[in-house]
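First up is the structure itself, then whatever we jot down about it.
If you read the sequence from its start, that first residue is 1, and numbering goes on from there. Worth knowing before you read on, the calculation uses all heavy atoms, side chains too, and leaves out hydrogens, waters and symmetry mates.
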Amino acid sequence: MKEIKAIIPPQRLPKIRSALRNIKDFPGMTVSKVEGCGHHVARPTLGIREELTDYSPKVRIEIVCPDELVEGILQVVVEVGHTGQVGDGIVWVTNVERMVRLSEQVVVLEC
């Protein structure tokens, strides 16, 4: 299993969500409002106020899925999320060692 995370501008979410729903067996996703800043060309700041307000609203998408769905999900997020503008976002994939759906019966193993 893998976890796909993406940080995107909020206005891209509806199109990405709609496209992901077309993937067979799409497992769903978690969406959070976040703030952040990217790597910008260094420029002198005007002071602490500018440094503290240099963040823009973003959305973080988190998807845990089987390995065989990763490439399709990545393709959708990248193709639909890409506008060619600074601030389009970032996507990464990490391994998931274990996942338990709380809605399913949970078996507790004693060590």
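- Separating the NZ atom in Lys2 from the CH2 atom in Trp92 is a distance of 16.0 Å, to the nearest 0.5 Å.
- In the hydrophobic cluster analysis, where Ile, Leu, Val, Met, Phe, Trp and Tyr join through side-chain heavy atoms closer than 4.5 angstrom, Val70 is grouped apart from Val64.
- For the atom pair Phe26 CZ and Ile63 CD1, the distance stands at 4.0 Å (nearest 0.5 Å).
- Expressed to the nearest 0.5 Å, how far CD of Glu68 lies from CG of Asp25 amounts to 8.5 Å.
- To the nearest 0.5 Å, the span separating CZ on Arg12 from CG on Asp88 amounts to 7.5 Å.
- In this structure, Ile4 CD1 and Leu20 CG are separated by 8.5 Å, a value rounded to the nearest 0.5 Å.
- Hydrophobic clustering of Ile, Leu, Val, Met, Phe, Trp and Tyr side chains at less than 4.5 Å, counting indirect connections, keeps Ile90 apart from Ile61.
- Contact record, Gly81 with Ile16: CA-CD1, 3.9 Å, taken as the closest heavy-atom pair.
- Across all their heavy atoms, Pro10 and Val59 have their closest contact at CA-CG2, 3.5 Å.
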Checking side chain to side chain contact (heavy atoms under 4.5 Å, CB included) for the pair Met29/Arg17: CA distance, chi angles, key distance, verdict?
-> CA-CA 9 Å; Met29 64 184 176; Arg17 179 180 175 219; 3.7 Å; yes
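- Contact between Leu69 and Pro27 at its shortest, heavy atoms only, is CD1-CD, 4.0 Å.
- The only option from Val76, Val78, Val77 that meets the side-chain contact (heavy atoms from CB on, under 4.5 Å) definition with Val80 turns out to be Val76.
- Scanning both residues, Glu62 and Ser32, for their nearest heavy atoms gives OE2-OG, 4.1 Å.
- Note on Leu74: it does not cluster hydrophobically with Val96, by side-chain heavy-atom contacts below 4.5 Å among ILVMFWY residues.
- Under the 4.5 Å side-chain heavy-atom criterion for ILVMFWY residues, no single connected hydrophobic cluster contains both Val31 and Ile7.
- One finds the OG1 atom of Thr94 at 6.5 Å from the NZ atom of Lys5 (value rounded to the nearest 0.5 Å).
- Shown here for Met1 and Asp67, the closest heavy-atom pair between the two residues is N-OD1, 3.2 Å.
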